[in-house]
Peer 1: 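Before I ask anything, let me first share the structure, which is written out below as structure tokens.
Naming convention: chains lettered A, B, ... in sequence-line order (proteins, then strands); numbering from 1 in each chain.
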Amino acid sequence: MNTFKRTIAVVALLSGFLWACGESSTTEPAPDDDSKDRKAVLTHLADEIILPAYANFKPKLETMIAKSQAFSAKPDAITLSEFRQAWVDAYTEWQKVELFDVGPANKTGIRNYYNIYPTNVTGINDYMADPSVNLEVASSYDKQGFPALDYLINGVGATDAQIVAYYTASVEGPKRLAYIKRITDHMNALITKVIADWNGSYRTEFTTKTGLDIGSPMGELVNGYVLHYERYIRSGKFGIPSGAMLNGVVASDKVEGFYKKDISKILAQTAHQAAVDFFNGKSVKTGTNGAGFKTYLDALGAKDSATGKTLSETINAQFDIANQKINGLKPNFYEEVKTNNAAMVQVYTEMQKAVRMLKVDMTSAMSIVITYTDNDGD
Amino acid sequence: MMEIREVKTTSAAPLAVFRIVFGAMIFLSVIRFWYQGWIKSLYIDPKYFFPFYGLEFIKPWGEYTYILFVICACCALMLALGMFYRIASIGLFFSFTYIELMDKSTYLNHYYFVSLVCLMLVFLPAQMYFSVDAYRNKNLLSDAIPVWCLSSLRLFVGLLYFFAGLAKVNSDWLLLAQPLKIWLPAKNDLPIIGFLFNYSWIPFVFSWFGCLYDLLIPFLLWNAKTRLWAYGAVVVFHGLTAILFPIGMFPYVMMVTALVFFSGEFHQKIISQIGKWLQLPATFLHPNRIYAYSPTTQRILLLGFGGFFCWQLLMPFRYWLYPGELFWTEEGYRFSWRVMLMEKAGYAQFTVLDKEGRREVVNNQQFLTPLQEKMMSTQPDMLLYYAHILRDFYHQRGYNNPQVYVDSYVTLNGRMGRPLVKPTTNLAQEEESFKPKKWITSFDDTITGF
């Protein structure tokens, strides 16, 4: 064989081999090191955290809806207080699922319909007057979900008697109750769809598409997780109300649970703990830690070369500091912003340190590209 | 002009084949670029661009940027065909280089490589054989050219590899296997080879192999005895990088470029084969003529190429003029064949304020695309340029002498993130220059090597 033909043969052979490598096939090689196995991580996250968390949330929401129906059937102080308690329970449980901004939840944008605050009181009144208004558009976000219910069961009157009277008014009362039904039905439809999609094809997609490129489940999961921590915990619950972000403009009316007042802390604590537990792969079913971001980072050997401390330790240490700062706050953030705002700003500052570690150190170690764009200052 | 001189000559076939495949690759690259929507997303949609220092006049033409790409694609095609070769090569050099310099965010070493090859082609007689020009004008047609014309191209390709290899001789790459230690496990789900990336020694094997490959491949390709196996290594190496990393056309450009090392006979066979398919006359395929420059032209060209290579030898070492760690400051990093050496990620939050109490934390999204923001957050000169964009913007908005500060956080090759810019620096006052940037923090770690 002459050189020319030999070259062609060698190139063809090698190209064939490389082509085979590059082809995405369904055969999965058995990894020798399970801790770096993203399939194991994703499977644990789906089966031990995400799906059970949704399964825990759904009945709380259903109870809330049942109580809202009981309230509608017979508006009085007792049914109101039961509705309110169920609302607190569901809202708290929601904090444990809002962070799964991946797949069906991301596609439906469920968070936008569930927890955009401050709620828009004027808008709610307009929507009550027009039952045909579309609840699936961006302009409707701040007129529904838990924050809207917050206003509707805590903010429409100074006392429970006044609130009950708001719903027993002869002409407007039924319209107001109808609006509660509309938005709670919408919440139910959304979560039902998200859970159905997970139980349908998405669980398989999530656990088998193990690549890390843009748009891959793990890429989307990590992006959604960091975004949640940055924008919806750090900014939403602390940065914006305390004015740590909006150039010092303090806005106590922008706290979560503004009308109920005394639940902001429990909501924030629950959300932060859920983010910490998710990082550590803590099973919602058994309470023990399993495969997750922490084990994956540890398997990758991510650590600070200067101190020898692993990245996951450093992140957990920062989570602890943020947790302690939250624990030091009083339940009512509206009051905290007004009287003890420096403590609120401190939480923001500590969370900001965690954000950097998650957004820069963690994603870099995982080789995941941050594709969401941060909108600080909005 | 066309007389036989006492210069060593060689077959014109390798240069002709190179002209065809190189032109075709660029043409395909431009089409692909267009098809992906990148002209719009990279050069039309952004509100601001990051020009190179001293070349600020080079910027996209708005909607007319498409014209630039049309020119580039046409020139590439004409170059491949050897049609109006001189105009095509000059047009390609200028259009491609212009595109490359419009925004630093899209800087790639392989664009720089393409630019320089185009520059060389302007002066090389790549159209004398197997070209439309030579078909039309039999006075041009020759199948032998001065040896130095081919050698200079090989030398340039060799330098690219060698410098890329030399840049890998550093402690991060060889002793820590960074950044491959980060990048390879991300691909552990690939079929057939994926499982390998779970072993912690594999990144070391890849690092060392990659370094030796780059350092040795020019010599192995040059030597006839090792050439075939060396080319096999080229295909495997670039094939692997194509699978593992999102680096677009580069692996394929290098695979066809390395063909330039093959002998005249090898390339003659390719051309004869194509000639047979196209039923071209034997006189066109075997003119038996030697192309030679006039002595004066040749002297000027040799001087020019000599200068070019001196410049090429010095550029990668200009970082020695700067204090601080090259990977951290990136002063002298570009245009030096430093490829795939860093996993660098960052976060930069700017605050603009003035003495009268105005203050705003900047939302980068209002000014930059995600790609621009990503690049800006780790590269000091881009951080500075962006700070100046902000300074001018807020000045317009009524800020009195705006001050710009940045809270930056950067991780490099797995090291814990830390500020890149001294947070007390008012970047509005700092000027861009080739002088060392004193406002970059010290790296506080050592990376030894080139």
Peer 1: Is any NZ, NE, NH1 or NH2 atom of the basic residue among D407(B) and R356(A) found under 4.0 Å from an Asp or Glu carboxylate oxygen of the other?
Peer 2: yes
Peer 1: By the ring pair (Phe, Tyr, Trp, His ring centres under 6.0 Å) test, which pairs, at least two apart or in different chains, include something from residues 295-320 of chain A?
Peer 2: Y229(A)-F319(A), H272(A)-F319(A), F279(A)-F319(A)
Peer 1: Examine whether an atom of D445(B) lies under 4.5 Å from a heavy atom of chain A, and if so say whether it belongs to the side chain, the backbone or both; otherwise answer neither.
Peer 2: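 Contact with chain A: side chain only.
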Peer 1: Return the CD to OH distance between Q352(A) and Y347(B), rounded to the nearest 0.5 Å.
Peer 2: 4.0 Å
Peer 1: Given a strict heavy-atom distance threshold of 4.5 Å, which part of M218(A) is in contact with chain B: side chain, backbone, both, or neither?
Peer 2: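 Answer is neither: M218(A) stays 4.5 Å or more from chain B.
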Peer 1: Is T378(B) in contact with chain A via its backbone, its side chain, both, or neither, using a 4.5 Å heavy-atom distance?
Peer 2: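 Neither part.
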Peer 1: Is any side-chain heavy atom of M357(A) closer than 4.5 Å to a side-chain heavy atom of Y409(B)?
Peer 2: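 Touching, per the 4.5 Å side-chain cut-off.
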Peer 1: Taking all heavy atoms of P185(B) and all of L300(A), pick out the closest pair and write down the distance.
Peer 2: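 Reported closest heavy-atom pair: CB-CD2, 3.5 Å.
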Peer 1: Tell me if a side-chain donor or acceptor on R38(A) pairs with a main-chain N or O of A186(B) at a distance below 3.5 Å.
Peer 2: yes
Peer 1: Please answer whether the main-chain N or O of G417(B) pairs with a side-chain N or O of D361(A) as donor and acceptor at a distance below 3.5 Å.
Peer 2: yes
Peer 1: Mind checking the OG-NZ spacing from S364(A) to K344(B)? Nearest 0.5 Å is all I need.
Peer 2: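 Here the rounded value is 11.5 Å.
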Peer 1: Please report the interatomic distance CG(D189(B)) to NZ(K36(A)), rounded to the nearest 0.5 Å.
Peer 2: 13.0 Å
Peer 1: A365(A) versus chain B, heavy atoms under 4.5 Å apart: side chain, backbone, both or neither?
Peer 2: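 When you check distances to chain B, only backbone atoms of A365(A) fall under 4.5 Å.
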Peer 1: So if I take each residue of residues 308-317 of chain A and look for any heavy atom under 4.5 Å from a heavy atom in chain B, which residues do I end up with?
Peer 2: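 Within residues 308-317 of chain A, the residues that come under 4.5 Å of chain B (heavy atoms only) are L311(A), T314(A).
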